[in-house]
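Letters go in sequence order (proteins before strands), and every chain restarts at 1.
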Protein chains: 2
Amino acid sequence: MNMISTKSNEDKVNTITEMCKLFKVSARTLRFYESKELLFPIRRGQHRLFTKSDRGRMKLIMQGKRFGFSLEEIRQLLNLYNFGDHRTRQIKQTYQLGLKRLSSMEQQKKELGLAIKDLKTQLQLCKDLLLKRGADSRDL
Amino acid sequence: MNMISTKSNEDKVNTITEMCKLFKVSARTLRFYESKELLFPIRRGQHRLFTKSDRGRMKLIMQGKRFGFSLEEIRQLLNLYNFGDHRTRQIKQTYQLGLKRLSSMEQQKKELGLAIKDLKTQLQLCKDLLLKRGADSRDL
DNA sequence: TATTTCTTTGACGTTTACGTCAAGTATAAC
DNA sequence: GTTATACTTGACGTAAACGTCAAAGAAATA
């Protein structure tokens, strides 16, 4: 059986529940993302099938969300990973946007480093106080 | 004039509009933060006066938001910077929370580094394509 | 054939984080 | 005295990002 598709991973498609498990999101979320044009599942009958492209996009979406970008911001950048089928003008714009996003992310990383440093300092102060108040150091 | 307060910065208080300019937020936002117990301006009559503590808190709030934390998550951590006046039990909890937050931020920084690397790769691919399509490299 | 199971499309509800009036008070300026 | 300015407290509105039904269709299973 299954004489056609031996290409293991490349062409694999997922049902919506498989996607839910893969990315730990609800079906509603996936449909919502499709409605917002962040995903483009194909249809078998009226069911959705998510392709490798969708999986790649989802990875980027989750990543973007983690870093505090809005879905709209994420959507715009997603084209950067599918630029094959767009017009040069379009690609140029996306490229520019990507550069901006890159510098914003690098800035964020810097600030994150500083914030981490601050937080460590505060935690140390806090720890000192707790120990001075007689806390057992094994609790901390 | 002004014979009492020579302590320049420490005791300075700000009106709401001064705070707005300082942190580039609306008055509504500051009142909202107060209602959510992230800020504790004192009152002169019925007006608010924001103290150094509030300025410190605002800095942390803006920072937290930048990194994608919710106001509620931020609020819980703010106590870490005011632990003097709390009970040991309370401080211990906040300390634990701080440790978790720290590791979450360090994780985020790692992921951010990877995402930046990926984005750079994509941008390079994109750039190559554009040049191959005859774009002027000075445009990019 | 009957009945689960999976999925679909609406449509309305919810939370977060504010924005936007409206109406009132209080102090300062003219 | 009144006008302007800064601020106040509601109260309602809004955008983003989903959650939560409800009704219905197809496919698999008993």
Side-chain angles (χ1 to χ4, degrees), chain A residues 1-2 12-51 54-55 57-78 97 101 104 108, chain B residues 1-2 12-51 54-55 57-78 97 101 104 108:
Chain A
M1 346 242 161
N2 195 352
K12 184 173 182 188
V13 291
N14 298 104
T15 70
I16 200 164
T17 30
E18 285 167 356
M19 284 292 276
C20 292
K21 281 170 194 168
L22 261 172
F23 294 98
K24 309 195 175 183
V25 296
S26 70
R28 177 70 179 88
T29 298
L30 293 170
R31 294 191 197 105
F32 180 71
Y33 288 171
E34 182 186 7
S35 81
K36 293 288 175 179
E37 305 193 323
L38 285 107
L39 298 176
F40 302 94
I42 54 180
R43 298 296 176 113
R44 177 179 54 192
Q46 73 172 356
H47 290 31
R48 290 170 177 81
L49 289 180
F50 296 86
T51 69
D54 293 311
R55 292 191 292 275
R57 284 166 167 270
M58 266 307 280
K59 188 188 158 195
L60 291 168
I61 293 168
M62 303 306 279
Q63 212 172 69
K65 288 196 44 136
R66 180 84 208 270
F67 304 141
F69 293 112
S70 74
L71 291 184
E72 177 53 23
E73 288 174 312
I74 293 168
R75 189 187 65 76
Q76 291 173 39
L77 250 195
L78 280 175
L97 188 65
R101 203 60 57 88
S104 147
Q108 186 174 348
Chain B
M1 342 240 169
N2 195 350
K12 183 172 182 185
V13 291
N14 298 103
T15 70
I16 201 165
T17 30
E18 286 167 354
M19 283 292 277
C20 291
K21 282 169 195 168
L22 260 171
F23 293 99
K24 307 193 175 185
V25 297
S26 70
R28 177 71 179 88
T29 299
L30 293 170
R31 294 192 197 104
F32 181 71
Y33 289 171
E34 182 186 8
S35 81
K36 293 289 175 180
E37 304 192 328
L38 286 108
L39 298 176
F40 302 94
I42 55 180
R43 296 296 175 113
R44 177 179 55 190
Q46 73 171 357
H47 290 29
R48 290 169 177 81
L49 289 179
F50 296 85
T51 70
D54 294 311
R55 292 192 291 275
R57 283 165 166 271
M58 267 305 281
K59 188 188 157 193
L60 291 167
I61 293 168
M62 303 305 281
Q63 210 172 70
K65 289 196 43 142
R66 180 87 208 268
F67 304 141
F69 292 113
S70 73
L71 291 183
E72 177 53 24
E73 287 174 311
I74 293 168
R75 189 188 65 77
Q76 290 172 41
L77 250 195
L78 281 175
L97 188 65
R101 203 60 55 88
S104 147
Q108 187 174 347

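Atom CZ in B:Phe32 sits roughly 14 Å away from atom C1' in D:dA15 (whole-Å rounding). Rounded to whole Å, the distance from CZ on A:Arg75 to P on D:dA17 is 12 Å. Rounded to whole angstrom, the span from the NZ atom of B:Lys24 across to the P atom of C:dC18 amounts to 17 Å. Taking atom CD1 on B:Ile74 and atom C1' on C:dT16, their separation rounds to 12 Å, with Å as the unit. Separating the CG atom of A:Asn14 from the P atom of C:dC6 is a distance of 16 Å, rounded to the nearest angstrom. Distance, A:Ile42 CD1 to C:dT7 C1': 16 Å, rounded to whole Å.
Taking A:Leu78 as the reference, A:Leu38, A:Arg57, A:Leu60, A:Ile61, A:Ile74 meet the side chain to side chain contact (heavy atoms under 4.5 Å, CB included) condition, with sequence neighbours excluded. With sequence neighbours excluded, the residues forming a salt bridge (Lys or Arg N to Asp or Glu O under 4.0 Å) with B:Arg43 are B:Glu34, listed by chain and number. In this structure B:Gln46 satisfies the side chain to side chain contact (heavy atoms under 4.5 Å, CB included) test with no other residue, sequence neighbours excluded. Looking at residues two or more places apart in sequence or on another chain, you find a side chain to side chain contact (heavy atoms under 4.5 Å, CB included) between B:Phe32 and B:Arg28, B:Ser35, B:Lys36, B:Leu71. For B:Glu72, the salt bridge (Lys or Arg N to Asp or Glu O under 4.0 Å) partners at least two apart in sequence or on another chain are B:Arg75.
Contact annotation: B:Tyr33 reaches the phosphate of C:dC18 (side-chain N/O to OP1 or OP2, under 4.0 Å). Taking only side-chain nitrogens and oxygens, B:Thr29 comes nearer than 4.0 Å to OP1 or OP2 of C:dG19.
Distance check: A:Arg101 CZ to A:Glu73 CD gives 5.0 Å after rounding to the nearest 0.5 Å. Going from atom CZ of A:Phe50 over to atom CZ of A:Phe23 covers 10.0 Å, rounded to the nearest 0.5 Å.
Taking a 4.0 Å limit (strictly below) on heavy-atom distances, residues 57-73 of chain A does not reach DNA chain C anywhere.
Sorted by first and then second residue, the pairs that involve residues 58-71 of chain A and meet salt bridge (charged side-chain N to carboxylate O under 4.0 Å, His left out), not counting sequence neighbours, are A:Arg66-B:Glu111.
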Review item, side-chain donor-acceptor pairs of residues 13-22 of chain B, under 3.5 Å, at least two apart:
unit_1: B:Asn14; atom_1: OD1; unit_2: B:Arg55; atom_2: NH1; d: 2.7
unit_1: B:Asn14; atom_1: ND2; unit_2: B:Glu18; atom_2: OE1; d: 3.3
unit_1: B:Thr15; atom_1: OG1; unit_2: B:Thr17; atom_2: OG1; d: 3.3
unit_1: B:Thr15; atom_1: OG1; unit_2: B:Glu18; atom_2: N; d: 3.3
unit_1: B:Glu18; atom_1: OE1; unit_2: B:Thr15; atom_2: N; d: 2.9

Original post:
Reading nucleotides 4-14 of chain D from the 5' end, what letters show protein touch, with B for base, S for backbone sugar-phosphate only, - for no heavy atom under 4.0 Å?
Top reply: ---SBB-----
